[in-house]
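Lettering follows sequence order; numbering is per chain, from 1. Hydrogens, waters and symmetry mates play no part in the numbers below; they use all other heavy atoms, side chains included.
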Amino acid sequence: MRTIPAGKVATYGQVALLAGNMRAARQVGAVLYGIREVEDDVPWQRVINASGGISTFKVGAGELQVALLRSEGVEVERTAAGPRVALRRWQWRPDLERFGPEPE
DNA sequence: CCTATGACCGTGA
DNA sequence: CTCACGGCCATAG
């Protein structure tokens, strides 16, 4: 997760894949659940679900995540279904980094 | 060993 | 766009 660049986001499944098991997305979330926000120095805020939404249920954590993402340049829009990020544009694509920004 | 659970995912209606 | 379903697999009990 520390390899995810600031200003980009990754999905749980994506992280799971990078970790070796594409189908262990749930475990990724389970790990994040136990993260010590400050001390562990991992950009947990860059991990969102496959729909571009925030998955945490911890009160306040969602707001914090949105704030953190915005502070690093990621656009988070407010929809009826809650905060949402356009993966089309903000998802980290390790294999495409050298091609520059994704054009919408 | 067996069941229930969950910061998930993809597909199909 | 929304919703339901089935699949996943490490953990906890």
Point to revise | Contact letters for nucleotides 1-6 of chain B, in which S counts primed atoms plus P, OP1 and OP2 and B counts the base, heavy atoms under 4.0 Å | key: -----B

Exercise for review: Name the nucleic acid region contacted by A:T11, choosing base, sugar-phosphate or nothing; use a 4.0 angstrom heavy-atom cut-off, strictly under.
Suggested key: sugar-phosphate

Exercise for review: Would you mind classifying the nucleic acid contact of A:R84 as base, sugar-phosphate or nothing, using non-hydrogen atoms under 4.0 angstrom?
Suggested key: sugar-phosphate

Review point. Going by modelled atom types, is there a donor-acceptor pair between the base of B:dA7 and the side chain of A:Y33 at under 3.5 Å?
Key: no

Sub-3.5 Å pairs of nitrogen or oxygen atoms, protein against nucleotides 10-13 of chain B:
none

Practice item. Without swapping roles, check the side chain of A:S51 against the backbone of A:G53 for a donor-acceptor pair under 3.5 Å. Key: no

Review point. Of all nucleotides in DNA chain C with an atom under 4.0 Å from a non-hydrogen atom of chain A, which is the first and which the last going 5' to 3'?
Key: C:dC1 to C:dA10

Point to revise | Close approaches to DNA chain B from residues 13-20 of chain A, in residue order (heavy atom, under 4.0 Å) | key: A:G13

Review point. Rest of the hydrophobic cluster containing A:L17 (Ile/Leu/Val/Met/Phe/Trp/Tyr, side-chain heavy atoms under 4.5 Å)?
Key: A:M22

Revision key, fill the gap. A:A50 meets the side-chain contact (heavy atoms from CB on, under 4.5 Å) criterion, sequence neighbours left out, with none

Practice item. In whole angstrom, give the distance that lies between atom CG of A:N21 and atom P of B:dC8. Key: 16 Å

Point to revise | Qualifying side-chain hydrogen bond (donor to acceptor under 3.5 Å, both in side chains) pairs with a residue from residues 14-32 of chain A, counting only residues at least two apart or across chains | key: A:Q14-A:Q91

Check your understanding: Got a sec, which residues hit side chain to side chain donor-acceptor pair (under 3.5 Å) with A:E75, two or more places apart in sequence or on another chain?
Key -> A:R89

Practice item. Any salt bridge (Lys or Arg N to Asp or Glu O under 4.0 Å) involving residues 76-87 of chain A? Give me the pairs, sequence neighbours left out, ordered by first then second residue. Key: A:E63-A:R78

**Study point:** Heavy-atom check, side chain of A:Q65 versus side chain of A:I48, under 4.5 Å
**Key:** yes

Check your understanding: Quick one: ring-ring contact (aromatic ring centres under 6.0 Å, His included) pairs with a partner in residues 66-96 of chain A, sequence neighbours left out?
Key -> none

Point to revise | Which residues share a side chain to side chain donor-acceptor pair (under 3.5 Å) with A:T56, sequence neighbours left out | key: none

